[in-house]
Trainee: 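Below: one structure in structure tokens.
Residue numbers start from 1 in every chain, and the chains themselves are labelled A, B, ... in the order their sequence lines are given, proteins ahead of strands. A quick note: this is a predicted structure, and the numbers were derived from the prediction, not measured.
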Amino acid sequence: MFIVVSPGRLRAFADDGTPAGEVDEIDPSARLVWDDTRRWYPQLLAKGIRVERCVDLRLSHAILRHSSFTASSELARAALGPWDEQAVLDEPRERGTALFDLEAEEPRPEADPVDEWMLQREAVAASSDPGRLALLLAAESAGALIACEMKFAGLPVDAAIHERLLEQVLGPKPRPGERPAHLEALKQVLVERLGFDFNPDSAVELLKALRRAGLNVASTSKWEIREVDHPVIEPLLEYKKLSRLMTANGWNWLEAWVTDGRFRPEYVPGGVVTGRWAASGGGALQLPKQVRGAVVADPGWKLVVADAAQLEPRILTALSRDQRMAKAGEGDMYEGIVASGAVATRAQAKVAMLGAMYGATTGESGRLLPGLTKAFPQALALVERAARAGERGEIVTTHLGRSSPPPPDDLLAGANENAAAESRARSRARSWGRFTRNFVVQGSAAEWALCWMAGLRGRLYDLADGPFTARPHLVFFLHDEVIVHTPDHLAEQVAASIRDAAAAAGRLLFGELPVTFPVTTAIVDSYADAK
DNA sequence: ATGCATCGCGCG
DNA sequence: AAAGCGCGCGATGCAT
């Protein structure tokens with residue numbers, strides 16, 4: 001059964017979409033259909049209601065609007081409307097410029113979610129691959145539930161441990177506007193070794209200072225100055241490292257983002273064009289290894305940290321059905337690539353695979369590509385095709401049907417003018433090609449991860465009783481990695497569920513292909529101990 | 001005072 | 001100024 005949720009109304013529908021009247025309260029085992037999970041779910045969670053499944057019409061619309069699978073649908077061909085992000089963003093600008101005429105504005109009636117839902121069902125049913133699209137929309141919507149649940153539960157962070165760590169590395173908490181002791185001391189070393197005062201926090205001043213001291217550098221980035229031989233370099237790199245910790249995850253971060261022992265960032269499913277999640281608030285997806293020691297399980301609980309090993313190369317294997325690459329991926333994929341003879345070392349295998357998926361042309365990665373291409377022609381042909389399509393301004397699509405955004409209007413502009421314009425056009429086209437090359441792999445990997453997590457969510461819930469935060473539950477997700485917070489005694493079962501869900505995700509996406517998706521699991525008290 | 005672009009760096 | 005994809009954020013410096 002479906003229940004369509006809208007302000008003041010709960011409309012029930014049978015599985016085939018026929019109306020079944022209105023209901024008084026939400027049945028959490030029904031599939032809830034709503035405009036935006038972020039709008040409805042937090043208040044349900046606050047009331048202790050955990051929803052089993054949903055249809056997030058906003059996220060689904062974004063997929064269907066652009067998917068090449070539904071290009072001929074009514075939904076995709078309609079003018080931009082209230083379900084389109086762009087229309088919503090443009091809206092305030094179209095209306096008067098006065099800032100305070102909000103009262104004067106007619107509160108426009110909300111679009112009916114039932115109409116949109118029906119359009120979406122039609123679009124999926126008539127699409128070139130209803131099965132894949134339905135899976136994608138279900139996974140995307142499950143992700144929306146999980147994002148809200150993870151924010152509700154929060155990632156357990158021990159502020160005392162974090163503060164101790166900061167004090168060890170930076171010195172005692174400074175007064176506002178001052179550098180902590182260790183950073184200040186390092187600054188003095190820098191000044192001493194260059195022979196004059198300057199502010200190392202300013203990239204402009206720092207660059208001038210380095211050049212004044214006779215160092216031939218064009219920027220102050222780590223990569224470049226690392227190569228320079230001068231007594232200021234070592235303390236400067238150290239300064240940058242400490243400074244980064246201080247500004248990104250220092251005392252301010254702790255105060256702003258960690259309350260009651262929980263870090264609660266906003267996760268943004270579908271926030272990245274490829275379908276990856278984005279996050280806002282506290283840099284959730286950039287939590288540096290340096291501070292992971294402060295992420296600790298509650299007493300009597302454990303963290304189960306799991307990571308999908310070499311996910312993107314394996315996704316490429318499955319997408320391309322490259323039997324030789326599948327063989328190389330039976331164990332550690334990079335070792336397998338070495339064994340195939342494509343490259344000499346594991347490190348090279350890794351660099352070469354990254355280069356294949358990102359479109360490297362130069363450097364070590366570029367040099368290794370011919371060897372990789374020779375060993376795995378089928379897999380490499382897939383990414384090459386995606387790149388060429390992008391260069392021509394065409395759309396590419398992930399395994400389950402998420403399509404790349406249209407190329408910039410000027411992608412091919414200037415191709416037939418003078419030599420300089422032509423070269424710029426080629427460079428633009430190549431750059432877009434690298435994006436589309438990566439899009440199919442990164443986007444399909446994101447789909448696998450969503451299916452993994454959605455399957456895991458259900459398995460975790462079934463492991464215990466009570467409110468979902470009393471059961472094992474997801475507390476963190478980072479592209480190919482999850483953290484589950486679980487009562488001690490269930491940790492082994494959680495680890496097994498994580499592996500089961502990974503295998504199930506592989507079958508859901510790719511059927512019985514001989515491609516495996518191994519996950520490493522670690523049962524730990526502290527995130528820092530996971531690897 | 002406030003907004004925006006750039007740099008630099010963290011993560012996958 | 002990373003070669004080679006995708007992000008978010010803070011500090012700085014300039015424009016408004």
Trainee: Any idea which of B:dC11, B:dG10, C:dC5 is nearest the A:Asn438 side chain?
Mentor: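 Output: C:dC5.
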Trainee: Is there a side-chain contact between A:Thr220 and the phosphate of B:dG8, meaning an N or O under 4.0 Å from OP1 or OP2?
Mentor: yes
Trainee: Can you find an N or O donor on one side and an acceptor on the other, under 3.5 Å apart, linking the side chain of A:Arg244 with the base of C:dG10?
Mentor: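 Looking at the base of C:dG10, it does not pair with any donor or acceptor on the side chain of A:Arg244 (distance under 3.5 Å).
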Trainee: Between B:dG8 atom P and A:Leu245 atom CG, what is the distance in whole Å?
Mentor: 20 Å
Trainee: If I take atom CG in residue A:Leu285 and atom P in nucleotide C:dG10, what distance separates them, rounded to the nearest angstrom?
Mentor: 14 Å
Trainee: For residues A:Ser219 and A:Glu224, is any side-chain donor paired with an opposing acceptor at under 3.5 Å?
Mentor: yes
Trainee: Map A:Gln286 and A:Arg226 onto DNA chain C by nearest heavy atom, then report which one ends up closer to the 5' terminus.
Mentor: A:Arg226
Trainee: Would you indicate what A:Lys289 reaches in the nucleic acid, counting non-hydrogen atoms under 4.0 angstrom: base, sugar-phosphate, or nothing?
Mentor: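 Sugar-phosphate contact only.
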Trainee: In Watson-Crick or G-U wobble terms, both distances under 3.5 Å, what is the partner of C:dA15?
Mentor: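 Because both required distances fall under 3.5 Å, C:dA15 counts as paired with B:dT2.
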Trainee: Does C:dA3 have its OP1 or OP2 closer than 4.0 Å to a side-chain nitrogen or oxygen of A:Thr361?
Mentor: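 For C:dA3, neither OP1 nor OP2 has a side-chain N or O of A:Thr361 closer than 4.0 Å.
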Trainee: Does a side chain donor of either A:Gln348 or A:Tyr334 reach within less than 3.5 Å of an acceptor in the other side chain?
Mentor: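 Distance-only check fails for A:Gln348 and A:Tyr334.
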Trainee: For the C1' atoms, the ones on B:dC4 and on C:dA3, what distance do you get once it is rounded to whole angstrom?
Mentor: 29 Å
Trainee: Just to be sure I understand the rule, does A:Leu311 reach a base, reach only the sugar-phosphate, or reach nothing, if contact means heavy atoms closer than 4.0 Å?
Mentor: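 Nothing, no heavy atom under 4.0 Å.
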Trainee: Contact class for A:Ala278 vs. all strands (heavy atom < 4.0 Å): base, sugar-phosphate, or nothing?
Mentor: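 Contact class for A:Ala278: sugar-phosphate only.
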Trainee: With P as the reference atom in both, quote the distance from C:dG4 to B:dA5 in angstrom, rounded to an integer.
Mentor: 26 Å
Trainee: Measuring from the side chain of A:Val272 (C-beta onward, heavy atoms only), which nucleotide among B:dG12, C:dA11, C:dC7 has the closest atom?
Mentor: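 Out of B:dG12, C:dA11, C:dC7, the nucleotide with an atom closest to A:Val272's side chain is C:dC7.
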Trainee: When you measure from the side chain of A:His479, which nucleotide among C:dA2, B:dG10, B:dG12 comes out closest?
Mentor: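 The answer is B:dG12.
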Trainee: Once you round it to whole Å, what is the distance between P of C:dT12 and CG of A:Leu207?
Mentor: 16 Å
Trainee: Without decimals, in angstroms, what is the distance between A:Trp432 CH2 and C:dG6 C1'?
Mentor: 12 Å
Trainee: Just to be sure I understand the rule, does A:Val273 reach a base, reach only the sugar-phosphate, or reach nothing, if contact means heavy atoms closer than 4.0 Å?
Mentor: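 Sugar-phosphate, no base atom in range.
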Trainee: Taking only Lys NZ, Arg NE, NH1 and NH2, and the carboxylate oxygens of Asp or Glu, determine whether A:Asp197 and A:Lys187 approach each other closer than 4.0 Å.
Mentor: yes
Trainee: Is NZ or CZ of A:Arg212 both nearer than 6.0 Å to the six-membered ring centre of A:Phe196 and within 45° of the ring axis?
Mentor: yes
Trainee: Could you tell me whether the side chains of A:Asp56 and A:Thr37 share a donor-acceptor contact shorter than 3.5 Å?
Mentor: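 Result is yes, a qualifying pair exists.
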Trainee: Just checking, is any N or O donor in the side chain of A:Thr397 or A:Ser68 under 3.5 Å from an acceptor N or O on the other one?
Mentor: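 On atom types as modelled, these side chains qualify, holding a pair under 3.5 Å.
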Trainee: Side chain of A:Arg276 only, heavy atoms from C-beta on: which candidate in C:dG4, B:dG8, C:dG6 is closest?
Mentor: C:dG6
Trainee: At under 4.0 Å between heavy atoms, what does A:Ala284 touch on the DNA or RNA strands: base, sugar-phosphate, or nothing?
Mentor: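 Touches nothing.
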Trainee: Touch check for A:Gly283, heavy atoms < 4.0 angstrom, all strands: base, sugar-phosphate only, or nothing?
Mentor: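 Sugar-phosphate only.
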Trainee: Within the structure shown, what part of the strands sits under 4.0 Å from A:Arg367 by heavy-atom distance: base, sugar-phosphate, or nothing?
Mentor: nothing
Trainee: Closest to the A:Asp480 side chain: C:dA2, C:dG6, B:dG12?
Mentor: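 When the side chain of A:Asp480 is considered, B:dG12 is the closest of C:dA2, C:dG6, B:dG12.
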Trainee: Could you tell me how far apart A:Ile225 (CD1) and B:dC9 (C1') are, to the nearest whole angstrom?
Mentor: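 Result: 12 Å.
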Trainee: Would you kindly give the CH2-to-P distance between A:Trp277 and C:dG8, to the nearest whole Å?
Mentor: 15 Å
Trainee: Check every atom of C:dA11, C:dC9, B:dG12 against the side chain of A:Thr247 and return the nucleotide holding the closest atom.
Mentor: C:dA11
Trainee: Do the side-chain N or O atoms of A:Arg434 get closer than 4.0 angstrom to the phosphate oxygens (OP1, OP2) of C:dC5?
Mentor: yes
Trainee: Counting heavy atoms from C-beta on, name the nucleotide in C:dG6, B:dG12, C:dA2 closest to the side chain of A:Leu478.
Mentor: B:dG12
Trainee: Distance alone, cut at 3.5 Å: any donor-acceptor contact between the side chains of A:Arg179 and A:Tyr239?
Mentor: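 There is such a pair (donor and acceptor under 3.5 Å, judged by atom type) between the side chains of A:Arg179 and A:Tyr239.
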Trainee: In terms of side-chain heavy atoms of A:Val204, which of C:dG13, B:dC9, C:dG4 is nearest?
Mentor: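 It is C:dG13.
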Trainee: Closer than 4.0 Å, any side-chain N/O of A:Lys240 to the OP1 or OP2 of B:dC9?
Mentor: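 Checking A:Lys240 against B:dC9: at least one side-chain N or O falls below 4.0 Å of OP1 or OP2.
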Trainee: Which one, C:dA11, B:dG12, B:dG8, comes nearest to the side chain of A:Gln442?
Mentor: B:dG12
Trainee: Name the nucleic acid region contacted by A:Gly281, choosing base, sugar-phosphate or nothing; use a 4.0 angstrom heavy-atom cut-off, strictly under.
Mentor: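 Contact class for A:Gly281: sugar-phosphate only.
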Trainee: Rounded to whole Å, how long is the line connecting atom CG of A:Leu354 with atom C1' of C:dC5?
Mentor: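 Rounded to whole Å, this separation is 9 Å.
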Trainee: Which nucleotide, C:dG6, C:dA3, B:dG10, lies nearest any side-chain atom of A:Lys222?
Mentor: B:dG10
Trainee: Could you go through A:Phe476 and A:His485, starting from their C-alpha distance and side-chain angles, then the distance that decides it, and tell me whether this counts as ring-ring contact (aromatic ring centres under 6.0 Å, His included)?
Mentor: CA-CA 9 Å; A:Phe476 198 59; A:His485 197 203; over 10 Å; no
Trainee: Nearest whole Å is fine: how far is C:dC5 C1' from A:Leu369 CG?
Mentor: 14 Å
